[in-house]
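Written out below as structure tokens is the structure these notes cover.
In the text below, chain A, chain B and the rest are named by the order of the sequence lines, each starting its count at 1. No experiment lies behind these values; they were computed from the predicted model shown.
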Protein chains: 2
Amino acid sequence: MRIGELATKTGVSVRALRYYEEQGLLASERSESGQRHYPDNAAGRVHLIQQFYAAGISSASILEMLPCVVTGEASPQVLATLRGHRSSVVRQIEELQATLRQLDSVIAGAVKSHDSGVPCPPG
Amino acid sequence: MRIGELATKTGVSVRALRYYEEQGLLASERSESGQRHYPDNAAGRVHLIQQFYAAGISSASILEMLPCVVTGEASPQVLATLRGHRSSVVRQIEELQATLRQLDSVIAGAVKSHDSGVPCPPG
DNA sequence: TAGAAACCTGACATTGACGTCAGAGGTAGC
DNA sequence: GCTACCTCTGACGTCAATGTCAGGTTTCTA
């Protein structure tokens, strides 16, 4: 498929896909005229990249890990990187769960005070 | 306490604390000469701000929510904002958990293949 | 075979939470 | 009162993942 189709299929912009290629994260075959063509599994790859970005992992680190994610194998150095990111992800989850509890308690309190007619901010 | 002490106490840079004030997130009293002075509970406030930033919430949104987090009350509009952020946080947690599973499976596979002497990348 | 729509490269713009530097004034221990 | 360190404002720099625009080529559709 061409880049536009991959973009709509994944919900990622064309610009972003070109950027991924620039970073070495997403390969493409080129037609005679230079247009990019992607295999069907490219969408999965894009989702994987997005997932890592969402975890705050940089392009360079993703580049390091990607082949190992695909093949399921890793050198000791890459394994260390993977474990580092793993613990970072665990920390992030814990922080977000704390944030969630915080938000829940505020929401619960707010709903109650709204029931009793005491909104905030006043006005 | 002055800004430097608050910075070391919270692990947040002096620059960041000034930025929080600039955004209206963190108040301070000023001495005769213009230096900032913070009450003891400022550290807790800073941690709260950091927590929200970590959840991908913008300064403007934090500014909207903060008084309600403190007082435990919220107007209907703010309540909607809170709920929006809540579901965003839930999504983030789910995504991170998926990422965690992904990393774990790669790590498990990598450890196994390393045991059997097949590292990746080769070399 | 037009003409629209998609694609190309290249390059500058954006956003947000800070980093960093300059130049000047404040504060605390000796 | 000297010295070292802290703080002030203001302003420009940074970083990373895009947005956006220009100017040109390719591909699809009527």
At under 4.0 Å, does any side-chain N or O of [X] touch on OP1 or OP2 of [N]?
| X | N | result |
| --- | --- | --- |
| R15(A) | dA11(C) | no |
| R36(A) | dC8(C) | yes |
| S59(A) | dA17(D) | yes |
| Y19(B) | dA17(C) | yes |

How close or far is atom [atom2] of [N] from atom [atom1] of [X], stated in whole angstroms?
| X | N | atom1 | atom2 | value |
| --- | --- | --- | --- | --- |
| R30(A) | dC8(C) | CZ | P | 6 Å |
| L6(A) | dA6(C) | CG | P | 15 Å |
| Y53(A) | dT18(D) | OH | P | 6 Å |
| R2(A) | dT25(D) | CZ | C1' | 12 Å |
| I57(A) | dA17(D) | CD1 | P | 11 Å |
| Q23(A) | dC15(D) | CD | P | 14 Å |
| L17(B) | dC18(C) | CG | C1' | 11 Å |
| I3(A) | dT25(D) | CD1 | P | 20 Å |

Practice prompt. Assess whether atom CD of E29(A) is packed by more than 12 heavy atoms of other residues, nucleotides or ligands within 6.0 Å.
Written response: no

Report the C-alpha distance between Y38(B) and E21(B) in whole Å, list the side-chain angles of each, state the deciding distance to 0.1 Å, and finish with yes or no for side chain to side chain contact (heavy atoms under 4.5 Å, CB included).
CA-CA 11 Å; Y38(B) 299 92; E21(B) 179 170 323; 3.8 Å; yes

Of Q35(A) and A60(B), the one whose closest nucleotide on DNA chain C sits nearer the 5' end is Q35(A)

5'-most contact on DNA chain C (nearest-nucleotide basis), H37(A) vs Y20(B), goes to H37(A)

Tightest non-hydrogen contact, residues S59(B) and Y19(B), listed as OG-OH, 3.9 Å

Value for CG (L48(B)) from CG (L26(B)), rounded to nearest 0.5 Å, stands at 11.0 Å

Between S33(A) and S33(B), the residue closer to the 5' end of DNA chain D by nearest nucleotide is S33(B)

Run the side chain to side chain contact (heavy atoms under 4.5 Å, CB included) check on L103(A) and H85(B) step by step: do they pass?
CA-CA 8 Å; L103(A) 286 173; H85(B) 287 308; 4.3 Å; yes

With the side chain defined as heavy atoms from C-beta on, S13(A) is closest, among dT9(C), dG25(C), dT18(D), to dT18(D)

Mind checking if R18(B) touches a base, just sugar-phosphate, or nothing, with heavy atoms under 4.0 Å?
base

